[in-house]
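Taking it in order: structure first as structure tokens, then the write-up.
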Amino acid sequence: MAKLFHSIWFKCISCLFVILLFSGASIAILSDLLYVSPEERISRSITKIYGEEKEYSIILDEEVECADFGYIDKIFIVGDKNDTEFDYLFHATGENGFKDGSITYWIRVASNNGVLSIGKMVIESNKSQSFISSINDSWHSNLYVDLQDAKYLTPWNKVANKNPDEYELIPTTGATNSKNASCNAVNCVIYFISQGGLA
Amino acid sequence: MMKTNFKKIAKDGVIAQNPTLKLVLGTCPTLALTTLAMNGIYMGIAVTFVLICSNVFISILRKIIPNQVRIPAFVLIIATFVTIVRLILDKLLPDLYESLGLYLPLIVVNCVILARAESFASKNGILASACDGLFMGIGFMLALTLMGAFREILGSGTIFGVKLWDFQIGFFASSAGSFFTYALFIAFFSLASSLITNSKKKKEFFNERESLVNNCKEEK
């Protein structure tokens, strides 16, 4: 037994174990001290979109599937709903991107006397989108649509058709597939509103 | 006990043994992040912090860590500090955290840090290791910032986000441009190093010859 405790392998394993213990403990303590809450993350996203902190209220906090386009899992109202001008903030994930991945957006939908339009989109995260660099501010500005009678978007033209069942993705380049996920995030919002989700 | 030459450590870190341009280490963040000069500074600050902390701790533990498990132990220590940096940046500097993106956790496998841990920190004292970490980090940051500035000026027509002109060469903003820029900088750095070394050798040669001639004259 004494021979075991003096062996080099015991020393190696115990050294690694002690380092692991101290590392784990320090990271655990710091994780607690430097914890960023989900509310703080949402505030940061809102600051990114509006340039300043804004009051918001949650009207949807569960995942809602939007045909084959993707899903919406959060909707906020920014401002006062009783005013003539306020915003809806959608947290939408567009699917069917490059390598079947997705892109998650914060999409600002402005409501001006009941007329809805997309004002700004900010990427939050993506899965497998190697061509995410092809999606920039200039591309996003092409996706700002009037939502009153919007048709679903495709990367090749701004109009596909009104029936999500007839929407078909033609296989093409990686960058176009990533843009397809980007369009689908907007298509989620169009679908949700067309189905009366905001009523 | 050998006296530590801090001047040599500083010179090696920034110029003579520059990790990016001389040792060609840490090429992944060098190629990916040098689209903007500010990214070079941000990455340099993060790497410098991890270098100093990991070098200090490895130096403290150098007589305790068995030789057979030194690499896993070093990686564990480096990974701990990278995680600490991530937590600090996510809480206090979220914009910086987002701009570094995927390359922040990749600092764990950055060859600069592991190489300095293995070749310097595990064989030298705490203060010397801290200095080595600091100046290697400064050298890394300078190289990335210069490359980033070069690519930003030519590729985007801006410097540190400030617009200079409308003229842009898209090639320098692309991945191919990053390789080209890196090769260009390594070539210029090598040329400058060899010119300085040659001029020093010439100077030494002429000084030696002059002293020999003077000695001969005195003997006569």
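Since we're looking at a predicted model, the values are computed, not measured.
- In terms of heavy-atom pairs under 4.5 Å with chain A, the best-connected choice from B:L92, B:L76, B:D90 is B:D90.
- The environment of B:F57 atom CZ is sparse: at most 12 non-hydrogen atoms of other residues, nucleotides or ligands sit within 6.0 angstrom.
- Contact residues of residues 20-42 of chain A toward chain B are A:L20, A:S23, A:S26, A:I27, A:L30, A:S31, A:L34, A:Y35, A:V36, A:E40, A:R41 (heavy-atom distance under 4.5 Å).
- Residue A:K74 qualifies as enclosed at atom NZ: its count of foreign heavy atoms under 6.0 Å is above 12.
- Residues of residues 101-124 of chain A never come within less than 4.5 angstrom of chain B, heavy atom to heavy atom.
- No more than 12 heavy atoms of other residues, nucleotides or ligands lie within 6.0 Å of NZ in B:K63, so this atom counts as exposed by the packing criterion.
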Can you give the donor-acceptor pairs under 3.5 Å from side chains of residues 101-116 of chain B to other protein atoms, not counting sequence neighbours?
unit_1, atom_1, unit_2, atom_2, d
B:N110, OD1, B:V112, N, 3.1
B:R116, NE, B:D132, OD2, 3.1
B:R116, NH2, B:D132, OD1, 2.8

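- Taking CD from B:E98 and OG from A:S125, the interatomic distance works out to 10.5 Å, rounded to the nearest 0.5 Å.
- Of the listed residues B:D95, B:N67, B:L61, B:V69, the one with more heavy-atom pairs under 4.5 angstrom with chain A than any other is B:V69.
- The distance from atom CG of A:L16 to atom CD of B:Q68, rounded to the nearest 0.5 Å, is 11.0 Å.
- Listed in order of number, the residues of residues 46-55 of chain A that approach chain B to under 4.5 Å between heavy atoms are A:K48.
- Residue B:K91 qualifies as enclosed at atom NZ: its count of foreign heavy atoms under 6.0 Å is above 12.
- Both the backbone and the side chain of A:C12 come within contact range of chain B, each with at least one heavy atom under 4.5 Å from a heavy atom of that chain.
- Heavy atoms closer than 4.5 Å to chain B are found nowhere in A:I13, neither backbone nor side chain.
- At most 12 heavy atoms of other shown residues, nucleotides or ligands fall within 6.0 angstrom of atom CZ in B:F188.
- Heavy-atom neighbours of A:D100 CG from other residues, nucleotides or ligands within 6.0 Å: at or below the threshold of 12.
- Within 6.0 Å of atom CZ in B:F171, more than 12 heavy atoms from other residues, nucleotides or ligands are found, so the atom counts as buried in its surroundings.
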